[in-house]
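In what follows, a single structure is set out as structure tokens and then discussed.
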Amino acid sequence: MSLKALSETILSRRDADPETSWTAKLLAKGPEKCAEKFGEEAIEAVIEAVKGDRERLTSEAADALYHLLVMCAARGVSLDDIEAELARREGRSGIAEKAARST
């Protein structure tokens, strides 16, 4: 599944029944809970990266990406918004980008 398809699926589940859709259940709990869940999944991905377990890292990274998109959707930030920001940064040194944000 592409990130675009995943993002569209998440948006289509906004109004689904929270009893039958994990995405709807997360969104119904609000942006703060979505952020908390993303944080948990991100930490799990970090743990697997440190351990060096490629298969587990792949699984946890997929979970983190899903929960990142759910968290963003909960605050009205779309994948298109994220892609536009990445495009804005394209061709610019990461060091220069970080310096520009801290001023």
Side-chain angles (χ1 to χ4, degrees):
M1 174 179 274
S2 72
L3 288 179
K4 185 73 170 169
L6 178 59
S7 176
E8 290 169 358
T9 298
I10 289 167
L11 292 178
S12 75
R13 303 263 169 86
R14 281 181 156 246
D15 297 321
D17 180 359
E19 294 300 315
T20 61
S21 168
W22 175 249
T23 301
K25 186 177 223 167
L26 281 173
L27 291 169
K29 290 181 178 183
E32 295 81 5
K33 184 63 176 176
C34 294
E36 179 184 323
K37 188 63 181 162
F38 168 66
E40 291 170 9
E41 296 300 337
I43 290 167
E44 289 173 8
V46 169
I47 290 168
E48 297 306 332
V50 170
K51 287 181 178 178
D53 186 330
R54 188 176 188 282
E55 188 174 317
R56 291 293 309 142
L57 173 56
T58 300
S59 177
E60 294 300 341
D63 288 348
L65 284 172
Y66 162 77
H67 285 90
L68 172 65
L69 290 175
V70 170
M71 177 185 69
C72 289
R75 286 291 187 202
V77 175
S78 70
L79 180 59
D80 288 340
D81 296 330
I82 297 165
E83 288 176 337
E85 177 60 16
L86 290 170
R88 184 190 68 75
R89 296 179 186 187
E90 189 174 355
R92 188 173 191 183
S93 156
I95 294 170
E97 176 63 31
K98 184 170 175 115
R101 283 186 274 142
S102 62
T103 59

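- Through direct or relayed side-chain contacts under 4.5 Å between Ile, Leu, Val, Met, Phe, Trp and Tyr, L69 connects to M1, L3, L6, I10, W22, L26, L27, L65, Y66, V70, V77, L79, I82, L86.
- Cluster partners of F38, using a side-chain heavy-atom cutoff of under 4.5 Å among ILVMFWY residues and allowing indirect links, are L68, M71.
- The structure places CD of E40 at 8.0 Å from NE2 of H67, a figure rounded to the nearest 0.5 Å.
- When all heavy atoms of R13 and S21 are compared, the pair lying nearest together is CD-OG, 3.5 Å.
- Scanning all heavy atoms of the two residues, the minimum distance from A74 to C34 falls at CB-SG, 3.9 Å.
- Taking the side-chain hydrogen bond (donor to acceptor under 3.5 Å, both in side chains) definition, one finds that K33 meets it with E36, sequence neighbours left out.
- No side-chain heavy atom of R14 sits less than 4.5 Å from a side-chain heavy atom of T23.
- With sequence neighbours excluded, no residue forms a salt bridge (Lys or Arg N to Asp or Glu O under 4.0 Å) with K29.
- Applying the salt bridge (Lys or Arg N to Asp or Glu O under 4.0 Å) criterion to D17, with sequence neighbours excluded, gives no partner residue.
- When all heavy atoms of P18 and A28 are compared, the pair lying nearest together is CG-CB, 4.2 Å.
- Checked by atom type and distance alone, the side chain of D63 never pairs as donor or acceptor with a backbone atom of E60 at under 3.5 Å.
- Side-chain contact between S59 and R56: present, with at least one pair of heavy atoms (C-beta onward) separated by less than 4.5 Å.
- Residues passing the salt bridge (Lys or Arg N to Asp or Glu O under 4.0 Å) test with E48, sequence neighbours excluded: K51.
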